[in-house]
Amino acid sequence: MAMLEKACQKAFGKALWVYHANTGACNGCDIEVINVLTPYYDAERFGIKLVGSPRHADVLLVCGPVTRQVAPALQRLYDATPNPKLVFAIGSCATGGGCWFDTYSTLGGADKVIPVDFYVPGCPPRPEAILYGVAVSLGLAPKTVGAELLRQESVEELARGESIVGEVRP
Amino acid sequence: MTSALLLQTCVLLLLGGALVSLACARNRALAGWVSVAFVAAACVPLARVVVNVFAGVAEGETVLLALPALPARLTVHVDALSAFFLVLTGVIALLSTLFSVRYMEHFEKDTVAKFYPVLLVFFASMVALLVVTDMLFFLVFWELMTLSSFFLVIFERERKDSQRAGLKYFVITHAATLCMIAGTLVLWRQAGSFSFAALQDSLGVLLAERAVVAHLVLFLFFVGFATKAGVLPMGDWLPDAHPAAPSGVSAALSGVLVKLGIYGLIRVFCSFLPVSAASDTWGVVLALAGTVSLFVGTLTALRQTDSKRLMAFHTIGQIGYICLGLGVGVACLRTSPTIAALALLGALFHAANHACFKACLFLGAGAVLHRTGERDMDRLGGLAASMPVTASSTTVAALSISGVPPFNGFTSKWLIVAACILGGLQHPLFLVLGLVGMFISLVTLASFLKVLGAVFMGARDESRSVKEVPLSMALPQVVLAALCVLLGVFPRLPLGVLRDAVASAVRIEVPGADALLGTGFGLGLTAGGLALAFWAPLVVVLALALGGALAYAIQRAGAAKVREVPVWTCGELDSAAAVRYPASSFYLPFKHAFAGIYPALHARVPQFPAALRRAFNVDTWLYRPVVRAVDGLARGVSRSHVGVPQVYLLWIAVGAVVVVAVMLALTR
Amino acid sequence: MRTIVVVGLAVLNAAIALLLSPLLEGLMRKLKATIHSRIGPPVTQPYLDLLKLLGKEDLRTGRGFLYAAAPALTLGSVLVLATLVPMGAAPPLSFAGDIIVVLYVAAMSAVLVMLTGFGSASPYASVGSSREMMTLLTVEPVMAVALVVGAVKAGTLSTAGILAWQVEHGPSISMVIAGVAFLLALQAQAGKLPFDIPEADQEIMGGSLIEQSGPRLALFRWAMWAKQLVLAFLLVELFVPWPRVGILPFDLMLALVKVSLVLVVVALVDVVNPRLRIDQAMGYYLRVAFSSLAALAFAVIGM
Amino acid sequence: MLTSKLREALICLKAGRVTLPYPFAPHDPEPGFRGKVTIDADLCFGCGGCANVCEAGVILLTDSGQHTRVLEFFWRRCTYCGRCQEVCPEGAVKLSQEFQTATNDAADLYLRLEVFMGPCQRCGRCFPPPTPLERMKRTGFRADGEGGRA
Amino acid sequence: MAKGNGDAERVEEVLGERLGRGIIAVGRPQPDTLLVTIEPGTVLAATQALLDDLGARFLVSVGTDRRPISGDFAVTHLFSLDQSHLYVVLECPVASENPEIDSITPLIPGAAWSEREIRDVVGVSTRGHPDPRRLLLPDDWPEGVYPLRRDFPYNERPPAAEGTRPAWVPTPEGASVVTLGPFFPVLEEPSNWRLFVEGETVVGCDYRGFYNHRGVEKLGDSVMTYNEIPYLAERICGICGFIHSTCYCQAVERAAGIEVPRRARYIRTMMLELERIHSHLLWLGIAGHILGFDTVLMQTWRIREPVMWLAEVITGNRKSYGMNTIGGVRRDVTEVTKARILEVLGPVEKESLAVRDAVVGDTTLHMRTKNVGILENAWARQVCVVGPPARGSGVRIDARIDHPYAAYDEVVPRLCAHDEGDIWARVLVRIEELLDSIRLVREAAAGLPDGPIVAEITEEIPSGRIGVSTVEAPRGEAVHYVLTGGDNRPWRWRVRAPTYPNLQAMPAMAAGGNIADIPITLGSLDPCFSCTERMETVDVRSRNVRVYSPAELLAMSRRSGRPGGGS
């Protein structure tokens with residue numbers, strides 16, 4: 001029985017059913033999300049498929065800045081999705097609010113309302129970038145970005161011969 | 001004790017109960033419980049009679065009263081067929097009376113003085129007419145039954161629809177009775193006696209000598225009984241009358257009263273009618289009439305949103321099934337007795353099953369009406385949580401009537417459809433009728449899924465707090481639902497009994513139960529050594545249990561957690577009342593396709609001069625004297641003024657004379 | 001001994017329905033993907049889907065025993081159906097149910113799905129269940145006519161009897177027509193386009209099953225796949241059972257190949273059609289039902 | 001109708017399977033693609049032009065101490081318009097070809113550059129010391145010009 | 001525009017007759033634009049005259065807060081005289097004490113939303129409006145707070161009002177509600193349709209949209225300059241971004257009298273048409289998807305994908321090209337890219353033709369699309385529907401022909417129209433346009449003139465000028481209205497996306513239909529909620545930067561980093 005349970009958990013990553021939620025996006029990301037399912041990119045290779053009801057979903061794809069009007073609905077959507085679930089923020093708006101991150105009628109990125117598991121920046125992200133995000137979430141690919149801390153040498157450091165330019169925190 | 005004595009006890013108990021309940025009608029509950037007690041008591045001798053019959057204790061006819069002038073004799077004889085219908089009557093009478101005790105509470109304005117006594121008289125008349133073997137007395141009791149049921153239908157006489165329903169019922173059934181009287185008179189002239197045996201012989205003679213008249217007589221009987229049974233087009237009274245009556249009565253009307261029409265049809269077409277080419281023809285007529293009513297009745301039922309009206313239309317449909325089985329049986333009597341026996345078996349079994357599930361459904365609808373005051377299913381929803389017992393028993397009954405295996409409705413439909421298809425090997429017409437039967441069984445399913453979906457499931461209306469009905473109302477439903485399951489899963493026993501009933505009704509040799517139904521624990525129809533059809537409910541239930549258990553094990557394999565959540569409405573919240581899918585919305589495209597199938601007549605209730613109305617006021621000439629006589633009950637008597645049917649009665653009387661004259665002229 | 005054989009065969013049939021149905025669904029998806037010019041999911045994807053769903057949370061909006069037990073009963077009823085249908089051999093439980101029982105048991109799973117839909121109190125589910133019912137109303141008669149044709153030909157309602165008759169007598173006009181009608185009905189029974197109206201993800205978001213999640217959804221889906229497999233078996237075994245050598249493994253393999261072909265046809269029709277509206281679908285199936293009455297007429301005159 | 005279905009099938013079959021092998025094989029963007037922002041720390045002299053034109057307000061400028069200007073790129077909300085690259089006089093800010101930027105941690109989408117600089121006292125304009133020697137010479141200038149450069 | 005001149009005089013004449021002294025002033029900011037300032041009391045008479053006597057078509061209404069300049073509000077109604085290639089701008093000053101004006105919705109049903117929006121965002125209410133419910137602010141937005149008034153900071157988020165409920169239309173008796181959205185699978189964007197259904201039949205519907213309202217305009221209010229807004233405009237819509245940025249740039253260019261080089265105009269034309277190609281292919285796929293016909297989705301998107309790659313080659317991004325700038329375009333189309341364009345278009349055209357041939361005979365598709373979602377010609381005119389929905393109903397308008405812009409005076413499009421008004425007609429219109437667009441791109445590429453790609457802007461853009469620009473998006477005609485201000489920013493920028501009027505036609509198309517037909521009916525409008533629900537715009541951040549030539553701009557922009565604004 002425990003073995004079966006484990007198998008069920010293992011299967012999670014191999015059959016991600018996706019619910020696509022536009023929370024105020026401009027359509028760019030939404031179209032690219034659909035594009036990922038089309039022949040050239042074919043996300044269904046990885047068992048990913050688009051579903052119509054949040055009850056069937058394993059993954060919420062959130063596109064767009066969360067507008068004030070849509071925020072309660074997004075919260076309800078999150079609650080309506082069975083655990084375990086992943087939330088992907090697709091595009092710059094969902095990851096960080098885009099160019100409307102601080103306007104009166106948006107709340108910013110998706111993580112202002114619900115917990116986000118993966119961020120896929122881009123405006124809009126290329127279909128490849130979305131696929132890459134999926135690959136990262138499935139552990140098929142390592143993430144390549146990290147916070148970068150760059151610094152020009154100061155006089156003192158120059159004098160000491162130290163330089164930390166270009167260090168990347170993984 | 002002899003059967004006759006037992007039956008007299010039974011009837012007297014019922015009549016006594018009527019008087020006692022009238023006497024204590026002031027106390028509603030007391031009157032109710034008294035009635036229940038008397039009905040229960042009456043059931044004891046009744047049960048004894050039935051047991052005797054099925055145990056094979058042979059008894060001859062007993063003469064209780066003779067009218068030598070006519071000559072007519074009040075003879076009593078219980079054969080297996082009568083016994084079967086007595087069982088139905090007893091069970092339904094007891095349960096519907098029990099249900100009515102608390103149910104009558106919500107008719108605050110109306111006195112029960114015009115309810116329990118009439119109800120008990122109604123039961124008594126049914127018992128009586130089932131056991132007499134003399135046509136004159138049969139007709140007398142028939143009329144008594146019709147009248148008493150008429151008063152039950154117009155119980156709520158202030159309501160316009162009750163008035164109209166009562167009027168329609170009165171007119172149509174009396175016209176039917178008239179037909180029966182006319183037919184009887186013709187045969188009586190030939191036989192010189194009203195006894196069944198004599199009439200049977202005279203019909204045979206008539207058929208040989210004057211076939212036209214014989215067929216006319218058969219037609220009159222057919223119209224007469226089919227009207228009572230609710231076969232369309234004569235059964236048009238039914239969808240109005242059943243909903244109008246209090247729910248307990250609806251159950252009795254639908255469970256038993258209409259079955260007596262079937263009883264009559266069986267008596268006429270299986271016992272009276274000799275097995276001949278004529279029986280082949282009349283079999284086809286019966287089957288066609290049955291198919292028409294099941295087709296039209298059920299499809300019309302699908303369009304109803306009033307729960308009781310819906311069920312009334314289904315009564316028409318289900319009677320259609322019985323009639324179809326009967327017809328196939330009668331038609332096959334000559335050519336293939338086995339199939340005929342199977343078809344008749346199916347018809348009778350369906351009659352029994354229909355009594356169970358339809359009574360249960362009416363009681364369920366009554367329970368909902370009692371608690372919510374609503375019959376309009378558009379306004380109901382989500383009651384399963386607050387009325388679990390009613391919901392469960394209604395679900396069982398609904399699945400039964402829809403023919404979902406392994407409930408009882410499926411078994412009888414299976415018998416009828418199998419008989420149709422097997423009979424269809426000789427009469428290809430029956431193939432089509434059988435297919436129609438299968439299709440309509442789906443329509444029934446659709447219709448009752450609507451009832452379940454709209455009334456018990458769906459969005460709960462939080463604004464209305466609804467409680468489950470009290471035990472005395474829940475118990476009858478549970479008993480009937482349990483019967484639905486038991487009869488479905490263990491069909492051998494009832495079918496064995498029914499074989500005797502069939503054997504006693506038909507004039508051919510009926511094979512034994514094993515030869516008909518196979519020797520296994522299920523049903524295996526065989527004919528001439530060839531296995532024809534199989535249905536073993538126990539095996540299927542067992543397999544379903546195993547399969548379901550396996551499936552449940554799979555379901556739990558991932559140890560999923562359960563969480564209760566609100567309904568997903570795309571992210572916005574909406575009130576339950578707004579998003580509820582009302583009954584009228586179900587299957588609209590399909591309903592549109594059959595919209596014109598049941599023509600709606602918009603007849604106005606005619607108005608009559610006040611004087612006439614007063615003259616024919618039932619309350620004045622029937623109740624008030626009686627009620628006055630029994631101390632101080634007059635106050636409770638309603639002051640309503642329905643008089644319309646009585647005028648029709650007059651017309652009918654005139655018409656009857658004319659028809660009889662014509663008949664006599666014809667037979668000369 | 002006979003009991004053991006019967007039980008053994010019944011278990012075999014149920015196992016085939018249970019274990020092979022996701023594979024065939026996977027094949028259909030692969031085919032669909034190929035038509036779509038893409039790679040598509042692996043053929044084992046349905047198994048993964050089911051496994052995943054079994055491990056997910058079970059969200060419920062309805063209450064009551066029937067609602068709770070509906071998924072298990074649905075799958076159970078399909079397993080029962082599997083034992084009533086021939087798969088390479090005579091149907092193991094043919095003594096327990098004839099074609100009428102087969103038809104009604106086949107409808108049972110649909111009934112449970114509809115009840116679940118109504119029970120979940122969602123307007124979309126109600127619309128879906130309502131559509132499901134309407135589809136059933138017009139599709140079941142087609143299946144009924146097709147099977148009754150067999151009954152008329154063989155003179156018995158027993159599935160085993162019809163199978164034996166058909167094996168013995170070879171093809172006939174009426175059975176061919178009936179088989180085609182049954183194939184058309186299969187399209188809707190399998191819930192494939194253009195008749196996936198009751199589910200219609202783009203209109204009512206999954207219809208009756210919109211509120212079902214996790215293991216419940218898995219069971220319903222599984223039941224649906226199993227049902228389409230079982231009905232395909234019924235089609236190939238009753239209408240095209242030849243050649244028949246009488247050796248179970250061989251006959252079973254052959255039947256499986258035929259079933260795959262039937263499902264390929266179903267998938268092909270699925271992929272080149274838009275969804276019809278419910279009234280159009282009903283009209284279509286009514287026409288099919290009436291046309292298939294021709295098969296009945298042929299059968300009656302012995303063709 | 002049937003010919004129509006056949007035609008549809010033909011379109012499908014003619015196309016064959018077109019799925020790209022990505023992510024198992026790279027699928028690079030076209031040259032000129034605007035990807036993740038990069039900055040050449042050595043070239044930047046902290047003029048803040050990029051911050052001024054950034055429509056999404058990605059770039060935050062703060063002066064810390066006397067000769068450190070901090071440029072923070074909160075590029076999680078970057079719209080990849082390329083204006084920063086366009087206005088950068090030194091070509092320090094560039095949009096790379098990199099698009100594989102998915103991550104599980106929003107903090108990864110952050111770039112911080114500490115520019116060592118000295119503002120001109122007269123015009124208030126920042127300029128970088130061209131050579132290390134010059135830089136050493138120019139310490140001591142303060143960033144207190146107009147415009148409230150924080 | 002000689003013809004325009006004559007007609008402008010006629011308009012002046014007619015209005016003069018009808019209004020008499022109601023006319024305050026008449027101006028001609030551009031040769032094809034007539035600016036008429038009238039007394040607010042005569043707005044109904046003026047509208048009536050424009051509609052009846054001149055056959056004008058309503059575009060949009062704009063509410064402007066002019067209190068800091070002239071102490072009043074302005075309500076501006078824009079009209080187009082398509083035959084005369086003339087815009088008529090009807091400006092009504094509204095006193096600031098009691099901001100109220102007569103509603104023109106009774107005359108023009110299509111003005112309903114515009115006027116509701118004006119009430120919402122600047123607080124000028126309309127007398128006699130048949131449906132004065134809130135349109136675009138969130139449900140919990142407090143009453144009396146008007147985000148587009150000048151004194152409202154762009155980033156203020158007022159606390160939620162208590163106990164607010166969405167203003168829904170009451171449910172008709174006997175009907176139940178089926179909600180579509182805000183999250184609904186085929187609505188790629190959030191919007192809330194409440195369908196009133198009896199069974200499967202839709203007896204009515206109610207729309208609560210503007211879930212996508214992001215405050216585009218007000219954002220500009222504090223952050224944007226003339227030259228930044230194109231990037232913002234682009235993000236009004238991810239599919240037709242280039243259309244919006246072009247439309248905005250044209251409006252500013254027209255207001256400022258900037259002459260755009262011909263090469264830039266040709267490049268804009270090519271991009272616009274490429275966008276139409278990918279948008280129409282996209283729509284065809286989505287329409288197939290809505291009908292469950294995923295093969296159509298897969299195949300059309302497969303055909304479309306090379307166009308997206310092409311966009312990446314030309315502009316550096318698949319969408320949100322970042323190509324436009326005031327006065328021209330940022331990137332040139334080289335000979336190499338031109339060759340690439342032609343190379344891609346070949347197969348696209350071939351396959352589109354194949355798809356057309358296959359789809360046109362597909363009777364199952366006809367069953368779902370013919371005689372479904374019918375938009376009557378008369379009603380289409382009344383609610384001022386634009387684009388393929390209009391042309392599918394026999395309204396022969398096309399901004400590319402009626403108000404030629406970019407290079408459409410030389411690369412002339414074909415007007416594709418059908419009269420049936422059903423979904424199938426819209427499908428045909430789009431397929432024909434798709435094929436026509438391929439021709440246009442080829443012609444534009446062939447005729448691409450030499451020269452600069454961006455105009456040198458030497459003077460500051462004067463304030464107080466108006467510019468009206470229309471661009472034919474794949475979805476229909478987009479309208480941008482710009483009122484220039486000081487400080488290197490527009491005072492008011494109003495965007496009317498094509499979906500804005502088209503959606504208003506939806507209830508009429510839905511009523512009496514089937515639930516199953518609703519998604520495809522809605523889909524056949526090719527709705528773009530994000531466009532619709534933008535929110536006008538603009539004022540600039542507080543710092544004073546004039547518009548100069550790109551070089552100067554570059555220099556200026558280096559002056560300072562923007563403080564604050566962290567995440």
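Chain letters run A, B, ... following the sequence lines, proteins first, then strands; residues in each count from 1.
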Most contact-rich option vs chain B, by heavy-atom pairs under 4.5 angstrom, among C:I100, C:L296, C:L79, is C:I100

Closest non-hydrogen atoms of C:G155 and B:L532, given as atom of the first, atom of the second and distance, are O-CD2, 3.4 Å

Here the pair of heavy atoms bringing B:A446 nearest to C:M133 is CB-CG, 3.4 Å

Bottom line for C:V145: the part with an atom under 4.5 Å from chain B's heavy atoms is both

If one checks every heavy atom of C:I99 against chain B at 4.5 Å, the contacting part turns out to be neither

Applying a strict 4.5 Å limit to non-hydrogen atoms, the region of C:F65 in contact with chain B is neither

Under 4.5 Å to a heavy atom of chain B? For C:L137 that would be both

Note: vs chain C, highest number of non-hydrogen pairs under 4.5 angstrom among B:A543, B:G547, B:G453, B:A533 is B:A533

Most heavy-atom pairs under 4.5 Å with chain C, out of B:L525, B:I554, B:V404, B:L452, belong to B:I554

Under 4.5 Å to a heavy atom of chain B? For C:T74 that would be neither

Assert top hit (heavy-atom pairs under 4.5 Å, partner chain C, pool B:V567, B:L422, B:V443) equals B:V567

Turns out that what part of B:L425 lies under 4.5 Å from chain C's heavy atoms comes down to side chain

query = With a 4.5 Å limit on heavy-atom distance, are the side chains of B:W414 and C:D98 in contact?
reply = yes

Closest non-hydrogen contact found for C:S94 with B:F534 is O-CD1, 3.3 Å

Applying a strict 4.5 Å limit to non-hydrogen atoms, the region of C:V78 in contact with chain B is neither

Whatever's closer than 4.5 Å to a heavy atom in chain C on B:I421 counts as side chain

Using side-chain contact (heavy atoms from CB on, under 4.5 Å), reason through B:M438 and C:Y104 one step at a time and then give a plain yes or no.
CA-CA 9 Å; B:M438 280 192 195; C:Y104 277 78; 4.2 Å; yes

Cut-off 4.5 Å, heavy atoms of chain C, and the answer for B:T395 is side chain

Under 4.5 Å to a heavy atom of chain B? For C:V101 that would be both

In terms of heavy-atom pairs under 4.5 Å with chain C, the winner among B:P406, B:S441, B:P566 is B:S441

Heavy-atom closest pair (B:A560 atom, C:P215 atom, distance to 0.1 Å) is CB-CG, 3.4 Å

The interface call for C:S77 against chain B, heavy-atom contacts under 4.5 Å, is both

The interface call for B:F456 against chain C, heavy-atom contacts under 4.5 Å, is neither

The interface call for C:E57 against chain B, heavy-atom contacts under 4.5 Å, is both

Turns out that what part of B:L544 lies under 4.5 Å from chain C's heavy atoms comes down to both

Counting heavy-atom pairs under 4.5 angstrom with chain C, the leader among B:A549, B:G524, B:A384, B:G403 is B:G403

Whatever's closer than 4.5 Å to a heavy atom in chain B on C:L53 counts as neither

Under 4.5 Å to a heavy atom of chain B? For C:L59 that would be both

Under 4.5 Å between any side-chain heavy atoms of B:Y552 and C:L219, yes or no?
-> no

Turns out that what part of C:L81 lies under 4.5 Å from chain B's heavy atoms comes down to neither

Under 4.5 Å to a heavy atom of chain B? For C:A218 that would be neither

So, the part of C:L103 with a heavy atom under 4.5 Å from chain B: the answer is side chain

Between the CG atom in C:L136 and the CG atom in B:L445, the distance rounded to the nearest 0.5 Å is 7.0 Å

Scored by heavy-atom pairs under 4.5 Å with chain C, the best of B:V417, B:V540, B:L449 is B:L449

dist B:Q555:CD -> C:L75:CG (nearest 0.5 Å) comes out at 9.5 Å

Nearest heavy-atom contact between B:L442 and C:E140 is CD1-CB, 3.2 Å

